[in-house]
Amino acid sequence: MMDVVAFAKAHVIPHLGSQVEQNVLKADCLKYIVTFRVQLPRAVLLESFPAIIALLDSPNTVVHTYAAHCIERIFTTKDISTGQFTLQPADIQPILEALLANLLKPRRLSGPDRENPDGVLEENEYTIKCIMRTLSYLQAHMLPYINVVVTGLLNRLAFAVKNPGNPRYDHYLFESLALCIGIACRAEPKAVELFETVIFQQIEVVLKENVDAFFPYAFQLMAQMLEYRVGEIPVFYLQLLDHLLNPALLEHEGCVPSVVRLLGTFFDVNPGQMTDRLIMVLGMFKRLILTKKFDHEGFNLLRPVIDKVPLERLREYLPEIFRLFFQRLSTSKTPKFVKNLVPFLFFFIVRHGPQVLIGVVDQVQTGIFGMLMEKVVLEEMGKLTRMSTRRLCFVGGTLLLTESPDLFGGRYDNWWAPLLEKLVKLNELPPEKEVAEDLHSFDLTADENNVSMPGLVATSQNQLIFAKKPERDVTADRGEPRQFLAQQLAKLSANQPGQVAQKCANLNPDVRNCVMLYCQAAGVNVV
């Protein structure tokens, strides 16, 4: 069997650094590094790196493409024994300036013409993907070079806006910009003002020239930048609201998630500036929630509204919102709709309390909350798999169980014990194995062995992985769920002496034992 390492040292690396122009041989040597990169030790990869960087500047398209692909693949390579990246950012630091200079160097495929006075720019998806991977790999180590990188990316974007072409190239280009925004603004949030200055110029061109293929990317970058804003939303964002709220925009299906994301960010940052457009936003919600394809986006749009807009401002619209829910349940109920509805109900409880929810639901039809509990909520609770969703439903369910006079001793008292049993079973379900999102390994394609990359792929709606909205746990202040349930039961018991203990005595023995263990662990008593 061939010694892979010895062959690389004796033949591959010398040929990579050779001054003789043997393009086919150099391309084969680069492919060798890509193929056997996992088997090659750190020292060999480091030894080969300067020559590979130099080949990024090769005038031969095959060679510089393979060089970019080789570096990009090395930046995803992990040591089999440790699971850590084979090369560390400190290894790249001494040669980073040369790497960026060759990656960002513009290549012209032809001379100037009427359409392109500076010539036609090479849109090499492997080069732009290597830029993206370098940013993702080095993160904060890229801060000294962010201005240079952003300038190079914006030059490419200016050309791409006039000449939309390779979708994968375009996607990696926007991912690279999203990475630059994230890296710089996490270090200094005020840096967002600089990004807004330069990126909004291109966004305006995209919208004015109706480059609809770039709409989803533009809206996501706007949302990402807006998230770093505090206080008043600048006028140049607000001026785009009429465009975003145009119903015709929803006809572009690829735009729907990004429009929802951006509108939600407006509410997250400053809901007071959105109240005069609340009716239009709810009109968009109605259109989305009544479609099977995008009903989940309807919930995504409604959640920040419920989260941020004061209840008194919302109250007049809530009955109509819930009528739409029941319309879907009665005419076009789907597993996907129910899967989104139940967590939303518990989210509503966490934000505004169980009595508000029950009151609004019963405004739709007297007594219908009981049907909702029996036919929807309790049935779906046993099917929840995602841990963050389980936690939300457990905390919201605990509040419903312990803070609603209607459910404890009231008209819906018969659902108290079934809800408690569902909560205990939900908590005792074994945790689902959730694969952690490996953002750095994000790819639009399979690897060189035709194996899909782990972690993430782009959706059909052109989701920018590196501009994703950070998740916020609205139950974070409630502590450990089992302890929270025990404390809430003890508080209810203190207000209703003897009644909680009597109800618990009639529970399934396994459920009763679990409740007792929760209370013991929390140091509380139910009497």
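For the numbers below, each heavy atom of this structure counts, side chains included, while hydrogens, waters and symmetry mates do not. Remember, predicted model here, so these are calculated numbers, not experimental data.
- With hydrogens and angles ignored, the 3.5 Å screen pairs no side-chain donor or acceptor of Gln483 with any backbone N or O of Gly479.
- In this structure, Lys190 has no salt bridge (charged side-chain N to carboxylate O under 4.0 Å, His left out) partners at least two apart in sequence or on a different chain.
- Counting heavy atoms of neighbouring residues, nucleotides and ligands inside a 6.0 Å radius, atom CD of Glu97 does not exceed 12 of them.
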- request: For Phe299 and Phe325, run ring pair (Phe, Tyr, Trp, His ring centres under 6.0 Å): C-alpha distance rounded to whole Å, both residues' side-chain angles, the deciding distance at 0.1 Å, then the answer.
  value: CA-CA 10 Å; Phe299 285 107; Phe325 292 158; 5.4 Å; yes
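- Leu392 and Phe347 get closest at one heavy-atom pair: CD1-CA, 3.9 Å.
- Note on Arg390 versus Glu380: no salt bridge recorded, every NZ/NE/NH1/NH2 to OD/OE distance being 4.0 Å or above.
- Every residue two or more places apart in sequence or in another chain that forms a salt bridge (charged side-chain N to carboxylate O under 4.0 Å, His left out) with Glu480 is listed here: Arg482.
- In this structure Glu297 satisfies the side-chain hydrogen bond (donor to acceptor under 3.5 Å, both in side chains) test together with Asn300, sequence neighbours excluded.
- A cation-pi geometry, defined here as NZ or CZ lying under 6.0 Å from the six-membered ring centre and within 45° of its normal, holds between Lys78 and Phe85.
- For Arg315, the side-chain hydrogen bond (donor to acceptor under 3.5 Å, both in side chains) partners are Glu312, not counting sequence neighbours.
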Pair Ser404-Asp406, side chain to side chain donor-acceptor pair (under 3.5 Å): steps then yes or no: CA-CA 5 Å; Ser404 169; Asp406 285 326; 4.7 Å; no
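- Without hydrogens or angle criteria, Thr151 side chain to Asn147 main chain gives a donor-acceptor distance under 3.5 Å.
- Checking side-chain atoms of Gln273 against main-chain N and O of Ile233 turns up a donor-acceptor pair under 3.5 Å.
- Between Val377 and Phe346 there is a side-chain heavy-atom pair separated by less than 4.5 Å.
- Here the side chain of Asn427 pairs no donor or acceptor atom with the backbone of Leu423 at under 3.5 angstrom.
- Annotation: Lys286, atom NZ; neighbour count of heavy atoms from other residues, nucleotides and ligands within 6.0 Å does not exceed 12.
- Between the side chains of Glu125 and Asn166, at least one donor N or O lies within less than 3.5 Å of an accepting N or O.
- Residues Thr398 and Gln488 have side chains that never bring a donor and an acceptor to within less than 3.5 angstrom of each other.
- In this structure the side chain of Leu407 never reaches within 4.5 angstrom of the side chain of Asp413, judged on heavy atoms.
- Under the salt bridge (charged side-chain N to carboxylate O under 4.0 Å, His left out) criterion, Lys469 pairs with Asp268, not counting sequence neighbours.
- Within the structure, every pair that satisfies the salt bridge (charged side-chain N to carboxylate O under 4.0 Å, His left out) test and touches residues 343-368, not counting sequence neighbours, is listed here: Asp307-Arg351, Asp362-Arg411.
- A salt bridge is defined here as a Lys NZ or Arg NE, NH1 or NH2 lying under 4.0 Å from an Asp or Glu carboxylate O, and Glu227 with Arg261 meets this definition.
- Every residue meeting the side-chain contact (heavy atoms from CB on, under 4.5 Å) condition with Ala486, not counting sequence neighbours, appears here in chain and number order: Tyr518, Cys519, Ala522, Val524.
- Residues forming a salt bridge (charged side-chain N to carboxylate O under 4.0 Å, His left out) with Asp295 (at least two apart in sequence, or on another chain): Arg328, Lys336.
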Side chain to side chain donor-acceptor pair (under 3.5 Å) between Gln463 and Gln220, worked out: CA-CA 8 Å; Gln463 180 190 27; Gln220 288 173 85; 5.8 Å; no
Atom pairs and distances, side-chain donor-acceptor, residues 239-247, under 3.5 Å, sequence neighbours left out:
{"residue": "Asn246", "atom": "OD1", "partner": "Ala248", "partner atom": "N", "Å": "3.0"}

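- For Pro418, the side-chain contact (heavy atoms from CB on, under 4.5 Å) test picks out Leu378, Trp415, with sequence neighbours left out.
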task: List the steps, then state whether salt bridge (Lys or Arg N to Asp or Glu O under 4.0 Å) holds for Glu251 with Arg287.
output: CA-CA 11 Å; Glu251 301 301 323; Arg287 289 191 62 180; 2.9 Å; yes
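- Residue pairs satisfying the salt bridge (charged side-chain N to carboxylate O under 4.0 Å, His left out) criterion with at least one member in residues 140-158, sequence neighbours excluded, are absent.
- Sequence neighbours left out, the pairs with a member in residues 207-218 that pass side chain to side chain donor-acceptor pair (under 3.5 Å) are His171-Tyr217.
- Atom CZ of Phe285 has more than 12 heavy atoms from other residues, nucleotides or ligands within 6.0 Å.
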